[in-house]
Amino acid sequence: MCLFALSDAAKDASTLGTIIQQAENLLPSLREEHAQVIRELEQEQSIAAEIENCDQGYLSELKVTLAEQGYYHTFTTKSGNDS
């Protein structure tokens with residue numbers, strides 16, 4: 001009975017070793033992908049902050065102009081209200 005348990009443990013160790021190696025091989029690309037997503041998020045947050053800090057009256061005029069030209073995208077503010 002002890003030999004079976006030892007054999008199973010060796011198989012488990014081998015399987016875990018394979019899984020760990022696969023994870024270690026994937027980790028660098030996942031880290032790079034994460035860093036890229038964070039850079040994109042920061043860039044988009046910067047753009048959003050820039051829009052929030054610009055002339056809201058002018059933006060409203062632009063929205064009206066776009067709507068008049070047939071662009072019917074729903075423009076919303078942070079609160080979710082249509083502007």
Side-chain angles (χ1 to χ4, degrees):
M1 181 116 184
C2 189
L3 289 177
F4 290 121
L6 216 45
S7 174
D8 288 343
K11 287 178 187 176
D12 290 347
S14 175
T15 300
L16 285 173
T18 301
I19 292 170
I20 289 169
Q21 184 62 44
Q22 290 171 346
E24 288 173 346
N25 290 338
L26 288 173
L27 200 53
S29 64
L30 290 175
R31 284 186 173 145
E32 178 54 37
E33 184 178 348
H34 176 264
Q36 177 64 31
V37 168
I38 294 300
R39 285 190 296 270
E40 289 174 13
L41 172 64
E42 289 170 348
Q43 187 177 24
E44 290 177 6
Q45 287 174 331
S46 174
I47 291 168
E50 186 177 331
I51 291 170
E52 287 178 9
N53 292 325
C54 69
D55 183 352
Q56 295 300 313
Y58 177 67
L59 285 178
S60 293
E61 289 176 30
L62 289 176
K63 291 175 189 177
V64 169
T65 301
L66 287 171
E68 289 172 351
Q69 294 176 0
Y71 295 99
Y72 296 106
H73 179 74
T74 302
F75 296 99
T76 58
T77 61
K78 254 186 168 178
S79 65
N81 298 327
D82 287 344
S83 337

- prompt: Would one find more than 12 heavy atoms of other residues, nucleotides or ligands at under 6.0 Å from atom CD of E50?
  reply: no

- prompt: Between I51 and L62, is there a shared hydrophobic cluster once you connect ILVMFWY residues whose side-chain heavy atoms come closer than 4.5 Å?
  reply: yes

statement: CG (L26) and CD (E33) are apart, to the nearest 0.5 Å, by 10.5 Å

query: Checking side chain to side chain contact (heavy atoms under 4.5 Å, CB included) against I38, which of E42, Q36, E40 comes through?
result: E42

query: Got more than 12 heavy atoms from elsewhere within 6.0 Å of CZ, R39?
result: yes

- line: Output for pair (Q56 CD, E61 CD), nearest 0.5 Å, gives 12.0 Å

- request: Indicate if L27 and I19 have the same hydrophobic cluster label, given that clusters are the connected sets of ILVMFWY residues with side-chain heavy-atom separations under 4.5 angstrom.
  value: no

query: When rounded to the nearest 0.5 angstrom, what is the spacing between OG1 in T15 and CD1 in I20?
result: 11.0 Å

